[in-house]
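This structure is a prediction, so every number in the text was calculated from the model and none was measured. First the proteins, then the strands, lettered A, B, ... as listed; each starts at 1.
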There are 2 protein chains.
Amino acid sequence: MECAGVASDTPFTPGQARACTVREVLDRVGGKWSIGILVAASQGPVRFTELERQIEGISRRMLTLTLRNLERDGLLHRRVYPTVPPKVEYTATPIALELYESLVALTSWAERHRSTIAAARAAYDREHDRA
Amino acid sequence: MECAGVASDTPFTPGQARACTVREVLDRVGGKWSIGILVAASQGPVRFTELERQIEGISRRMLTLTLRNLERDGLLHRRVYPTVPPKVEYTATPIALELYESLVALTSWAERHRSTIAAARAAYDREHDRA
DNA sequence: CAGGATCCTGGCTGATACTG
DNA sequence: CAGTATCAGCCAGGATCCTG
C-alpha cells in the first residue's frame with residue numbers, strides 16, 4: 001500500500017487520489033531544506049560551500065543528505081571535477097525548474113493570506129488556551 | 001529568527017526569500033494528513049467520522065490534531081451542533097479553497113514526471129548501493 | 001459521536017569530530 | 001573542498017484506553 005491506502009484497485013474517493021498525488025511531491029520536497037537548495041540551484045550551478053553559506057542554518061550533514069535525495073529523484077545533477085582540491089557543482093534539472101515554476105502559485109497564496117492566517121491564529125489562541 | 005534566518009533586516013539571497021515563503025505553506029499543510037483533510041473538506045461540509053473513513057489509515061488522534069491545526073490557521077471552519085449525540089461539521093474556508101486551486105500545478109507536475117522520477121531513482125540505486 | 005489523555009517509538013535532525 | 005561517521009535529542013505520529 002502506498003499513500004494512505006490509495007493503491008491499485010482500492011475503491012477510494014476521487015478527491016483523495018489528488019491528495020495522494022500532492023503527497024508524492026511533499027515526500028520529495030517537503031523536507032526542511034529541500035526547497036532552499038532547489039531554489040539556489042535553480043539560478044545556475046552551485047558548489048557545496050556556496051550552498052552552505054546561502055542556506056543559513058543548515059549543517060554539513062543535512063546539506064549532504066538533502067542533496068543526495070534530490071539527486072536520487074532526478075531533481076539535481078551532480079558534476080564532479082577531478083581536481084585537487086575537489087570541486088562539485090549541483091545544477092537543477094529541467095524537471096526541477098518546472099517544479100520551481102509550479103511553486104509560484106503557492107508563494108503567491110502565502111503572500112496574499114499571510115496576515116489573514118496570522119489573525120486567525122491569534123484569534124484561535126485567544127479563544128482557546130485561556131478558557 | 002524565523003525561516004532559517006531570513007528575518008527583518010538580515011541580508012539574504014533574494015531567492016531564499018521565496019524559499020522561505022514556500023516553507024511557510026509547508027509548515028501548515030506539510031503534515032502527513034493535512035492535504036487529505038483539506039481535499040475532503042473542499043467538497044462540502046464533512047463530519048468527523050466521515051473523514052475518519054475517507055482518509056484511510058488515519059488515527060483518531062491525528063485526525064483531531066490535524067483538524068485543530070487547520071482550524072487554528074483559518075483553513076477550516078468548525079461547526080458544532082449541540083445535539084445528542086454531538087455532531088460536528090468541518091468546512092473549508094475560502095482561503096483553503098484558494099490553496100486547493102494552487103495545488104493543481106503541483107499535482108500536474110507530479111503526474112507529468114512520476115515515471116521520470118521513478119526511473120531516476122532506480123538508476124541512482126543501481127549505481128550506488130551495490131558499488 | 002467526537003473527542004481527550006497517556007505512553008511509546010522511529011526517523012529526522014543537530015553537534016561534533018575525522019578524511020580523501 | 002566536499003564530504004563521511006558517530007552519537008544524542010526531539011517531536012510527529014501511532015497504539016491504546018477513557019469520556020461528555
Item to complete: For A/Tyr81, report the nucleic acid contact type (base, sugar-phosphate, nothing); a contact means any heavy atom under 4.0 Å.
Response: nothing
Practice prompt. For B/Gly36 and A/Ala19, work out which heavy atoms get closest and say how close.
Written response: CA-CB, 3.8 Å
Item to complete: Would you mind reading off the distance between B/Met62 atom CE and C/dA2 atom P, rounded to a whole angstrom?
Response: 19 Å
Worksheet item: Can you check salt bridge (Lys or Arg N to Asp or Glu O under 4.0 Å) on A/Asp125 and A/Arg121, steps first, answer last?
Response: CA-CA 6 Å; A/Asp125 291 348; A/Arg121 214 178 248 257; over 6 Å; no
Discussion item. Go nucleotide by nucleotide along DNA chain C from the 5' end; which of B/Val88 and A/Ile58 gets its closest nucleotide reached first?
Written reply: B/Val88
Worksheet entry | DNA chain D: 5'-most and 3'-most nucleotides touching chain A, 4.0 angstrom heavy-atom criterion | D/dC1 to D/dT6
Worksheet item: Which whole-number value in Å describes the distance from B/Lys87 NZ to C/dG3 C1'?
Response: 17 Å
Worksheet entry | N/O (side chain, B/Tyr90) to phosphate O (OP1/OP2, C/dG3) under 4.0 Å | yes
Worksheet item: Would you say C/dA15 has OP1 or OP2 under 4.0 Å from some side-chain N or O of A/Ser59?
Response: no
Response to the item:
Separation of C/dT13 atom P from A/Leu67 atom CG, nearest Å, is 14 Å
Practice prompt. Give the rounded distance in Å between these two atoms: CZ of A/Arg60 and P of C/dT19.
Written response: 15 Å
Fill in: Atom-to-atom span, CG of A/Leu65 to P of C/dC12 - whole angstrom
9 Å
Item to complete: Grab the CD1-C1' distance between A/Ile37 and C/dT13 for me, whole Å please.
Response: 14 Å
Worksheet, complete the sentence: Testing C/dA2, C/dG14, C/dG3 for proximity to the side chain of B/Pro86, the answer is C/dA2
Discussion item. What's A/Thr64 touching, base or sugar-phosphate or nothing? Going by heavy atoms closer than 4.0 Å.
Written reply: base
Discussion item. Tell me whether B/Tyr124 shares a hydrophobic cluster with A/Leu38, the cluster being built from Ile, Leu, Val, Met, Phe, Trp, Tyr side chains joined at under 4.5 Å.
Written reply: no
Worksheet item: With hydrophobic residues grouped by side-chain heavy-atom distances under 4.5 Å, do A/Leu97 and A/Leu51 end up in a single group?
Response: no
Worksheet entry | Spatial distance of atom CG (A/Leu70) from atom CZ (A/Arg78) [nearest 0.5 Å] | 13.0 Å
Worksheet item: B/Glu89 CD to C/dC1 P: how many Å, rounded?
Response: 15 Å
Worksheet item: Can you find a side chain N or O atom of B/Arg68 that sits less than 4.0 Å from OP1 or OP2 on C/dA2?
Response: no
Discussion item. Distance check, rounded to the nearest 0.5 Å: B/Glu98 atom CD versus B/Leu75 atom CG?
Written reply: 11.0 Å
Worksheet entry | Shortest non-hydrogen contact between B/Trp33 and B/Glu56, atoms and distance | CZ3-O, 4.1 Å
Fill in: Between C/dA2 (P) and B/Glu52 (CD): distance, integer Å
9 Å
Practice prompt. Pick base, sugar-phosphate or nothing for A/Arg47, based on heavy-atom distances below 4.0 Å to the nucleic acid.
Written response: sugar-phosphate
